[in-house]
Each structure stands twice: as C-alpha cells, then as structure tokens.
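Indexing begins at 1, ligand by ligand and atom by atom, following the structure's order. Residue numbers count from 1 along this sequence. Everything numeric in this text was worked out from a predicted model, so none of it was measured.
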Amino acid sequence: CFHNLERSIFCTQGKTMTSHNMLINGSWVPASDSAVDEIRSPYSSELVGTVPRATLADVNTAITAAHEGFRVWSRTPAHQRVAILNAAAALADQRAPEIARIIAAENGKSLIEAQGEAGRSGDIIRLSAFEGSQLYGDTLPLDANRGTGFDKIGFTIRQPVGVVVAISPFNYPALLVLHKIAPALAAGNSVVLKPARATPLTALAIAQCFVDAGLPEGVLNVVTGQGGVLGGALVSDSRVRKISFTGSTAVGEHIAASAGIKKLSLELGASGPVIVAADADIEAAATSIALGGYINAGQVCISAQRIIVDESIHDDFVAALTPKVEAIRVGDPFADGTMVGCLINRGEADRVRQALEGAVSSGARLVTGGEQSGAVIAPAIVTNVDPQSSLAQDELFGPAVAISTSENFGHAIHLANSTAYGLGAGVFTNNTGNSIRAMREIESGVIHINWTQLWRADLMPYGGLKSSGIGKEGPRSAVEEMTEIKTIIMHGTPWETTS
Ligand code: NAD
C-alpha cells in the first residue's frame with residue numbers, strides 16, 4: 001500500500017521523488033535552511049514522505065506573499081472566485097481516493113474512515129464558494145434616529161478581512177484544513193496555512209487542488225513544520241488580520257494571549273457528555289455510543305467521552321454496549337475490515353492506556369478493552385467513573401467511554417455541565433420535556449437529541465462554549481467570521497419635503 005501511496009502522491013504533485021515542498025507565493029519551495037521533517041506512519045513507522053521544516057524567515061516570506069496575494073484576490077469578483085473554487089472542488093472529488101490513502105498513511109486512521117473524510121472535501125469547497133459569493137449588507141433606516149432625516153443614506157458593506165492564518169490539528173487532516181481555507185478563500189481573503197506537524201502531506205495535496213484550479217499566486221500559502229517554533233511569528237504578525245485555530249485548549253490559550261488585536265476563531269478541546277435518560281431507547285443509545293466513542297480511535301473533539309446513564313438502566317445499558325464495542329475491529333489502517341486504526345503516535349497510546357489504568361486504580365472498573373499494541377488501543381469501556389476524576393474532567397482523546405450514573409434527569413444535566421468544556425453533547429430520551437430542557441440547559445455549542453455529538457453536517461454552525469472555544473465554523477458562519485462590516489453614510493443636502 002505504501003508503494004501505491006507514493007505513486008499516487010507523485011501523480012498528484014507531478015513529481016518523481018518522495019520529498020515534498022511547501023507552497024509559498026505560488027511556488028513549491030524547500031525550507032530556507034533546507035531542513036526537512038520525516039513523516040512516518042504511526043501504525044508501521046514506515047516513511048511516508050518528507051516535508052520542509054519551515055524557518056521563521058519562511059513564515060515571514062509566506063505572510064508577505066499572502067499580503068500581496070490579498071491585493072489581487074480581494075479585487076477578484078465573486079463569480080470568478082466561485083469558478084476557481086468549484087474547479088478546486090472538482091479536483092478534490094477526483095483525487096479523493098488518493099487523498100484518502102495519504103490521510104490513512106500519515107494519520108493512522110482506517111482507510112474506510114479516511115475515504116469518508118476525503119469524500120467530503122469537494123462539497124465543503126462548493127458550499128464555501130457559494131457562501132463567499134453572498135456578502136450582503138443592510139440598509140440602515142437612519143430616519144428612525146431623532147435628528148436624522150431623508151437627506152442621508154446609510155448601509156453596510158461586508159468585505160474580506162485580509163490575511164488569514166489557519167492552524168489545524170492532526171485528527172482530521174483534510175476536513176479541518178478545508179473548513180478554514182475554503183471559506184477564507186471564498187470570501188476573498190488570502191491564507192497562510194500551518195497544518196499539524198504529523199499530517200502535512202494531506203494539506204499539501206489539498207493545496208495542490210487549489211493551485212491546479214488556477215488560484216493566483218500568494219493567495220494560498222502552506223508552511224510546514226513545528227507549531228511551537230512558527231506559531232508566535234504566525235499569530236503575532238500585524239499584517240495578519242484573522243487567526244483560525246483548531247487544536248488543544250492549551251495552545252488556544254497561548255495563541256489568544258499572543259495574538260494582539262485580531263479576529264480569533266478557536267475550536268478547542270472537550271470532554272463530551274452523553275446523557276442516557278431512564279426513558280431512553282437503550283439499544284439505540286448503545287448503537288450510537290459504540291460509534292461516537294470510538295470513531296477515529298476517539299481522537300475527535302466531539303467524541304462521546306462521558307456517558308451519564310440513569311442509575312435505573314445502568315446495567316442494561318452496559319450489557320447492550322459491551323458486545324458492540326467488542327465487535328469494533330482495530331489495527332492496520334490499510335487491512336480489509338479494519339474499522340478503527342491507531343492513535344497518532346505511540347506516546348499518545350501510552351498516555352491513553354495510563355489514563356485508563358489510573359482510573360481503575362482509583363476505583364473505576366474496566367469492562368472491556370484498554371490493551372495496547374504499539375499505537376493501537378483496544379476500544380475500552382470504563383464504568384463506575386467518578387465524575388470529578390480526570391478520566392471525566394480532562395479530554396481523553398482516545399478510544400474509550402467513561403460511564404457514570406445519574407439519579408434523575410436534572411442531575412444528569414448538572415453532571416453534563418460539570419467540566420470546563422462545552423463543545424458537543426448527546427441526549428437519549430423519549431420524553432419531549434426532557435429534550436427541550438436539555439436544549440436549553442446544557443452548556444454546549446452543539447446538542448444532539450437521540451444521537452451522540454459525533455455527527456456533523458458540514459454546513460451547520462459548529463463551535464464550542466466555555467473552554468471549548470470562541471466562534472463558529474461551517475461555511476456560512478466561517479465566511480461571516482472571516483469578513484468585516486463597514487458602515488457607510490452618504491450625506492446629501494436636505495430638500496423641501498412639501499414640494
Ligand atoms: P495541538 O494544539 O497540539 O496542535 C494544533 C496545531 O497547533 C498544530 O498545527 C500545531 O503545530 C500548532 N501549534 C502547536 N503549538 C503552537 C503554538 N505555540 N502556536 C501556534 N500553533 C501551535 O492539537 P492536536 O494535538 O494537533 O489536536 C488535538 C486537539 O485539537 C484536541 O484537543 C482536540 O479536541 C482539538 N480539536 C478541536 C476541534 C474543534 O472543532 N473544537 C476539532 C479537532 C480537534
């Protein structure tokens with residue numbers, strides 16, 4: 001499969017070597033000091049490719065290019081932007097099978113999951129292209145303001161912000177890159193993208209689609225390398241007008257502290273709750289949670305992590321969930337039948353195993369799973385979890401659910417709200433009153449009734465409350481956040497209203 005992968009990367013990028021360059025000012029370039037990072041499969045450790053390890057000088061060149069690129073792109077009419085983005089979407093559709101193989105190789109998720117992810121690329125670009133062409137303003141009824149008559153006209157215009165810095169995480173290397181760059185470009189902004197260090201090859205393959213579609217030079221730039229080294233220069237540069245970051249809450253806080261006066265979107269971590277009420281359909285809840293807790297090896301910000309089950313149905317629920325979790329086939333991302341691959345690296349698998357062991361040593365019960373083999377963790381169920389323990393309070397980002405019990409629905413909502421986070425929540429109940437109470441009282445940016453939070457339609461507003469972030473993604477929301485409103489007032493001379 002790696003032989004095929006290499007061939008497909010070369011076909012995509014038209015090159016005949018295993019190393020890849022980054023995109024600055026329309027050219028594919030190495031790092032200014034020629035340093036490279038090796039990208040290895042987290043499952044097999046095989047070399048997947050190399051990318052430049054960008055320097056601070058490269059970041060400066062990329063921001064300069066984006067600054068110039070913005071002058072061209074912001075003066076490109078929306079219908080031309082739509083045409084280029086739709087061409088990029090068609091290429092992303094065509095190349096989805098190759099991009100899926102790149103995702104599975106560098107990220108370690110199963111090929112089937114990678115195909116699902118890559119298959120959404122074209123639609124995200126098309127949805128964004130449309131929203132970016134809808135930059136409407138408002139007419140202001142100035143005459144309603146005492147002292148103002150009909151001699152003035154006021155309205156708003158919506159314009160792109162300028163240079164957008166997009167910083168993305170490893171867990172959805174195509175999806176989360178596209179949720180930033182597609183709306184940014186659609187609205188007329190230029191972009192400097194810094195993909196996760198572990199998964200830059202997917203980002204480069206996606207960038208290639210935009211280049212091949214005819215995006216002018218400098219409009220999209222991709223710098224690869226270490227976030228900790230490049231991040232400060234990217235987020236504090238005064239030529240950058242907007243930062244769109246998805247990643248951990250710790251790095252998000254750091255960015256917020258150093259960004260200065262800029263627009264910020266922060267999509268951060270979570271410890272997602274799912275309530276299973278006494279009146280829930282236990283079988284349906286178990287089916288959904290056996291997906292929502294384990295997809296992408298649990299490395300999803302909207303993973304179902306904390307399961308809060310009414311004490312009256314706890315045993316029945318665990319009995320329904322266990323065989324479904326034990327049926328999840330984990331392992332080699334490219335093997336037939338693998339549903340869930342490995343974690344992003346061995347160290348992360350060590351961390352997750354230790355978190356499970358720590359919970360057990362504090363009195364929780366491991367019902368199934370938790371065994372480690374390299375970067376793979378067997379899907380786990382832990383019961384009797386103290387809602388205040390770290391397995392509940394901290395983001396696990398691994399393939400396990402932590403089950404606690406509630407005394408009643410109000411108590412369940414209290415527990416759901418008892419962490420610093422608030423990104424996604426799920427509620428299983430057959431009672432309309434419970435559903436409405438949950439919608440109103442759960443502190444979460446997205447709430448699903450009768451499904452877990454691990455579900456996303458790309459067009460919907462998506463983002464967290466509390467320590468889970470600021471702002472919303474989804475093409476319409478992102479275009480709004482990547483544009484600014486100017487208020488315009490035209491002053492005429494008063495005329496005689498009786499004539
Ligand atoms: P991370 O925070 O370690 O890294 C994210 C990105 O930030 C990477 O590109 C990294 O290189 C860069 N970075 C690192 N240090 C930086 C710094 N000082 N300044 C600027 N950039 C820096 O996150 P990760 O491990 O790649 O991803 C997992 C995290 O992302 C989890 O916490 C998860 O919940 C979160 N996430 C959130 C969402 C959401 O929509 N809310 C979606 C996916 C992932």
Test of proximity, [X] against ligand 1: N or O pairs below 3.5 Å:
{"X": "K194", "result": "yes"}
{"X": "E395", "result": "yes"}
{"X": "N171", "result": "no"}
{"X": "L268", "result": "yes"}

Notebook entry, point to check: Non-hydrogen atoms of F245 versus ligand 1: any pair closer than 4.0 Å?
Noted result: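 Yes, F245 has a heavy atom closer than 4.0 Å to ligand 1.
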Check: Does ligand 1 have any atom that is closer than 4.0 Å to a heavy atom of P195?
Finding: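 Contact present.
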What residue and heavy atom of the protein are closest to [atom], and at what distance?
{"atom": "atom 35 (C) of ligand 1", "answer": "G247 O, 3.2 Å"}
{"atom": "atom 18 (N) of ligand 1", "answer": "H254 CD2, 3.5 Å"}
{"atom": "atom 24 (P) of ligand 1", "answer": "F170 CD2, 3.7 Å"}
{"atom": "atom 12 (C) of ligand 1", "answer": "I167 CG2, 3.6 Å"}
{"atom": "atom 36 (N) of ligand 1", "answer": "C301 CB, 3.7 Å"}
{"atom": "atom 2 (O) of ligand 1", "answer": "S248 OG, 2.6 Å"}
{"atom": "atom 17 (C) of ligand 1", "answer": "G227 O, 3.5 Å"}

For ligand 1, note which part of [X] has a heavy atom under 4.0 Å away: side chain, backbone, both or neither.
{"X": "S168", "answer": "backbone"}
{"X": "I255", "answer": "side chain"}
{"X": "L176", "answer": "side chain"}
{"X": "F397", "answer": "side chain"}

Check: Are any of the side-chain nitrogens in R40 or E46 under 4.0 Å away from the carboxylate oxygens of its partner?
Finding: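 Looking at E46 together with R40, the answer is no, because their closest N to O distance does not fall below 4.0 Å.
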Item checked: E98 with R95: basic N within carboxylate O range, under 4.0 Å ->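 Judged by the 4.0 Å cut-off on N to carboxylate O distance, E98 and R95 do not form a salt bridge.
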Next item on the list: Would you check if the side chain of R476 reaches a backbone N or O of L459 as a donor-acceptor pair within less than 3.5 Å?
Entry: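 Such a contact is absent between R476 side chain and L459 backbone.
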Notebook entry, point to check: Does E106 reach the main-chain N or O of T202 with its side chain, forming a donor-acceptor pair under 3.5 Å?
Noted result: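 Indeed, once roles are kept as given, a pair shorter than 3.5 Å links the two residues.
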Notebook entry, point to check: So between G469, S271, G231, A203, whose heavy atom ends up nearest atom 19 (N) of ligand 1?
Noted result: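 It is G231 whose heavy atom sits nearest to atom 19 (N) of ligand 1.
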Check: Among N296, T246, L266, which residue places a heavy atom closest to atom 5 (C) of ligand 1?
Finding: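 That would be T246.
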Margin query: Any protein heavy-atom neighbour for atom 26 (O) of ligand 1 (distance below 4.0 angstrom)?
Written below: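 Flag for atom 26 (O) of ligand 1 set to true, protein heavy atom closer than 4.0 Å.
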Next item on the list: Please identify each residue that fulfils side chain to side chain donor-acceptor pair (under 3.5 Å) with T246, with sequence neighbours left out.
Entry: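 Listed in chain order: K180.
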Checklist line | Heavy-atom pair with the smallest gap, counting every atom of Q372 and A349 | finding: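 Looking at all heavy atoms of both residues, the shortest contact is NE2-CB, 3.5 Å.
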Next item on the list: Determine the minimum heavy-atom distance between T419 and K466, stating which atoms define it.
Entry: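 Scanning both residues, the minimum pair turns out to be O-NZ, 3.0 Å.
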List, one per line, each side-chain donor-acceptor pair under 3.5 Å for residues 220-237, sequence neighbours excluded.
residue: N221; atom: OD1; partner: N25; partner atom: N; Å: 2.8
residue: N221; atom: ND2; partner: V191; partner atom: O; Å: 3.2
residue: N221; atom: ND2; partner: G218; partner atom: O; Å: 2.9
residue: T224; atom: OG1; partner: P52; partner atom: O; Å: 2.6
residue: S236; atom: OG; partner: G232; partner atom: O; Å: 2.6
residue: D237; atom: OD1; partner: R239; partner atom: N; Å: 2.7
residue: D237; atom: OD1; partner: R239; partner atom: NE; Å: 3.1
residue: D237; atom: OD2; partner: R239; partner atom: NH2; Å: 2.9

Number the atoms of ligand 1 from 1 as they appear, then name those within less than 4.0 Å of a heavy atom of [X], with their elements.
{"X": "L423", "answer": "41 (N)"}
{"X": "Y462", "answer": "40 (O)"}
{"X": "A196", "answer": "8 (C), 9 (O)"}

Item checked: Close side-chain approach of V163 to N189, heavy-atom, < 4.5 Å ->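 Counting from C-beta outward, V163 and N189 never come under 4.5 Å.
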Check: Regarding R456 and the six-membered ring of Y462, is the cationic atom NZ or CZ under 6.0 Å from the ring centre and inside 45° of its axis?
Finding: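 R456 over Y462 ring: yes.
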